[in-house]
Structures are given as C-alpha cells and as structure tokens.
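The next block holds one structure in the form of structure tokens; read it before the comments.
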Amino acid sequence: MRMIPTLCIAVTIGCGVSKDEFAAQQRDAQQSLTKYQQETEKAAALEKKLADVQQHNTVLQKQLGEATAASAKLQEEKGALEAKSAQYQQLASSLQEQIASGQVEISELRGKMTVKLKDKVLFSSASASLNKQGRAALDAVAAAFKDLKGKNVVVSGYTDDVPISAKSGFTDNWALSSARAVNVVRYLQSKGVSPAMLGAAGFAEYRPLVPNDSSASRSQNRRIEIALTPADYTPPVVDIPK
C-alpha cells in the first residue's frame, strides 16, 4: 500500500502530469485505499456478527432440546404421580375408618407408599395370628395392590423393647416380628396379591420410631409397615461398623 504514492509519482513524472493533477491522483489513491480498508473492516465485522448469531442459534437449539426433554420427563413424572395418587386415594378411601381412628396411617413419598398399622389392629398381644379386625384392614390393602404390575410389596414387622414371654411360643422379638410379617404376606397372597412381588422382614425392637420410654411410645413402635415401591427401587444402604 505504501508503494502506491511512489508508483503514482513515477508514472506522473514519466507522463508529464502537472503537479496539481498529481496531487489529485494521490488524493484519489488515498481515498480508494481508505475506502478499501473501511469495507474490509465492515466485512470482518459482519463475518464476526454472523458467527456470533450462528453460535447463539446453536446454544438456543441445545437449550430447546434440553427443555423438550425436561418437559417430556415432567409429563412422564406427572402421569406417574397421578397414577400413584389414584392408588393412594383408593386405599385411603378403603381404610378411612381405620385412618380416622388412628389405627392406620398412609404416607407417600418419592414413589414409595407406606401403610402403617398398629400391631393391635392385626394381632393379639404376643401373637402372630391375624384377628378379624386385621383381616378386614388387609382386605382393603389387597384390593388396592392385587392388580399392580412392576411393583414390590414389602411387609415389615416391628416390636417394642420389652422381652417376649417364653409362654408366647416365640424365642424373642426377632421371631415374633418375622412371623407377623410372614403371616401378613401369606394373607395378602391369599387375597390375590402376586407372590412374585411380596416380601417379608422382621426388625424386632431395633428400628423404633420413638424412644421406648413410655407405654404410648412402645405402642407406636409395635407396628406392621407395608411398603409399596417400584420394582427397580433400591433401598438406602446403611454401613454397619464391624
């Protein structure tokens, strides 16, 4: 670019161009150079703007894809929640008398529905044989669970910390809590709940809800819990020091 004025001088001198004509040509050359530089800068700015727009569009497309996936997931979760709520309502309606009297509690959290029954609703003291009142409550539970697919139903037995009498026929609270859970499972199976999704566990006195420091507290700890979970539900793992 710097050579243009020099070349113009050489051409002008060789052709016998006047001083004024030379100055005019030099101005024209400088203006052309300036205009070329300005146009080049404008083109570069436009290219950068286009690249920014394309990058922005790529980000928007990614965000749109993520939003679409999130919306689909929310719709799926909404459907699952509505289904669980309908099941919850069915069970709550069937057990409304027992719930009103405080004998039964129902809760639902993160895909896990739990029916908690006080031991006296199902069994006589120190017994694992289901009574008439208990069978009536379990009939309602079975009616809500028997047509389920892809679920687990785990029955857990719990006692208080009072040692069981040898006259009961059970060696300890482990045996009593386990026998009660198994008998509830067998009853649910007899009422049409698939045995493939049933399970039983006994926890004796070692999972109290409240401290065993009064008769009322011990009554809360003596219970049967029936947990309904998805088939792929993974229970929390507790590390027990050796």
Side-chain angles (χ1 to χ4, degrees), residues 91 94-95 97-109 112-146 151-229 233-242:
L91 192 56
S94 301
L95 295 171
E97 184 178 339
Q98 291 89 339
I99 293 172
S101 65
Q103 298 173 330
V104 175
E105 296 178 12
I106 302 178
S107 61
E108 188 175 26
L109 180 64
K112 177 182 177 182
M113 185 166 70
T114 303
V115 182
K116 187 189 305 177
L117 304 97
K118 291 186 177 180
D119 70 328
K120 64 183 180 180
V121 176
L122 302 171
F123 310 101
S124 299
S125 179
S127 171
S129 298
L130 287 165
N131 57 36
K132 183 177 179 180
Q133 184 182 23
R135 288 192 295 271
L138 292 178
D139 285 345
V141 174
F145 288 178
K146 67 180 181 179
K151 300 289 185 180
N152 286 329
V153 178
V154 180
V155 179
S156 302
Y158 304 84
T159 69
D160 59 24
D161 63 346
V162 177
I164 194 168
S165 170
K167 296 179 180 179
S168 66
F170 296 99
T171 55
D172 53 23
N173 283 326
W174 283 113
L176 176 61
S177 63
S178 299
R180 285 178 166 180
V182 168
N183 283 346
V184 171
V185 162
R186 292 186 188 282
Y187 188 81
L188 292 176
Q189 180 183 357
S190 74
K191 292 298 179 177
V193 180
S194 171
M197 65 182 190
L198 286 168
F203 293 97
E205 68 265 34
Y206 300 106
R207 302 285 181 91
L209 294 174
V210 294
N212 286 294
D213 53 9
S214 67
S215 297
S217 295
R218 290 190 180 93
S219 177
Q220 290 187 59
N221 292 330
R222 296 191 302 270
R223 67 198 189 278
I224 287 288
E225 291 185 1
I226 304 172
L228 173 65
T229 66
Y233 173 79
T234 302
V237 177
V238 179
D239 293 327
I240 300 176
K242 295 182 180 179

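Counting from 1, the numbers follow the sequence of the chain as shown.
Residues forming a side-chain contact (heavy atoms from CB on, under 4.5 Å) with Ser107 (at least two apart in sequence, or on another chain): Thr114. The salt bridge (Lys or Arg N to Asp or Glu O under 4.0 Å) test applied to Glu97 returns no partner, not counting sequence neighbours. Partners of Gln189 according to the side-chain contact (heavy atoms from CB on, under 4.5 Å) rule, which considers only residues two or more places apart in sequence or in another chain, are Pro195, Leu198. Judged as a side-chain contact (heavy atoms from CB on, under 4.5 Å), and not counting sequence neighbours, the contacts of Lys191 are Asp139, Ala142, Tyr187. Partners of Ser214 by side-chain contact (heavy atoms from CB on, under 4.5 Å), not counting sequence neighbours, listed by chain and number: Ala216, Ser217. For the ring-ring contact (aromatic ring centres under 6.0 Å, His included) test, no residue two or more places apart in sequence or in another chain qualifies with Phe170. In this view, Phe123 satisfies the ring-ring contact (aromatic ring centres under 6.0 Å, His included) rule with no residue, not counting sequence neighbours. For the salt bridge (Lys or Arg N to Asp or Glu O under 4.0 Å) test, no residue two or more places apart in sequence or in another chain qualifies with Lys118.
Rounding to the nearest 0.5 Å places CD1 of Ile226 at 10.0 Å from CE of Met113. In this structure, Ile164 CD1 and Ser125 OG are separated by 8.0 Å, a value rounded to the nearest 0.5 Å. From Leu91, atom CG reaches atom CD1 of Ile106 across 4.0 Å, with rounding to the nearest 0.5 Å. Between the OH atom in Tyr158 and the CD1 atom in Ile224 there is a gap of 9.0 Å [rounded to 0.5 Å]. Atom CG in Leu176 sits 9.0 Å away from atom CG in Asp172 (nearest 0.5 Å). Taking NZ of Lys151 as the reference point, atom NZ of Lys112 lies at 13.0 Å (rounded to 0.5 Å).
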Go through it in stages, so that I can follow the logic: the residues are Val184 and Leu117, the test is side-chain contact (heavy atoms from CB on, under 4.5 Å), and I'd like the CA-CA distance, side-chain angles, deciding distance and then a yes or no.
CA-CA 11 Å; Val184 171; Leu117 304 97; over 6 Å; no
Hey, mind stepping through Asn212 and Asn221 against side-chain contact (heavy atoms from CB on, under 4.5 Å) and telling me if it holds?
CA-CA 8 Å; Asn212 286 294; Asn221 292 330; 2.8 Å; yes
side-chain contact (heavy atoms from CB on, under 4.5 Å) between Glu105 and Val115, worked out
CA-CA 6 Å; Glu105 296 178 12; Val115 182; over 6 Å; no
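Heavy-atom minimum distance, Asn173 versus Val162: ND2-O, 3.1 Å. In this structure, Gly157 and Ala181 approach most closely via the heavy-atom pair N-CB, 3.9 Å. The nearest pair of heavy atoms linking Ala128 to Ala179 is CB-CB, 3.9 Å.
Applying the salt bridge (charged side-chain N to carboxylate O under 4.0 Å, His left out) definition to pairs two or more places apart or across chains, those involving residues 204-222 are Asp119-Arg222, Asp160-Arg222, Asp161-Arg218.
A distance-only check finds a donor-acceptor pair linking the side chain of Ser101 to the backbone of Gln98 [under 3.5 Å]. With Ser94 contributing its side chain and Ala140 its backbone, the two residues share no donor-acceptor pair below 3.5 Å.
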Donor-acceptor pairs under 3.5 Å, side chain of residues 129-138 to any protein atom, not counting sequence neighbours: which ones?
{"from": "Asn131", "atom 1": "OD1", "to": "Gln133", "atom 2": "N", "distance (Å)": "3.2"}
{"from": "Asn131", "atom 1": "OD1", "to": "Gly134", "atom 2": "N", "distance (Å)": "2.5"}
{"from": "Asn131", "atom 1": "ND2", "to": "Leu122", "atom 2": "O", "distance (Å)": "3.3"}
{"from": "Gln133", "atom 1": "NE2", "to": "Gln103", "atom 2": "OE1", "distance (Å)": "3.2"}
{"from": "Arg135", "atom 1": "NH1", "to": "Leu130", "atom 2": "O", "distance (Å)": "2.8"}

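Proximity of the aromatic rings of Phe203 and Trp174 is defined here by a centroid distance below 6.0 angstrom, and this criterion is not met.
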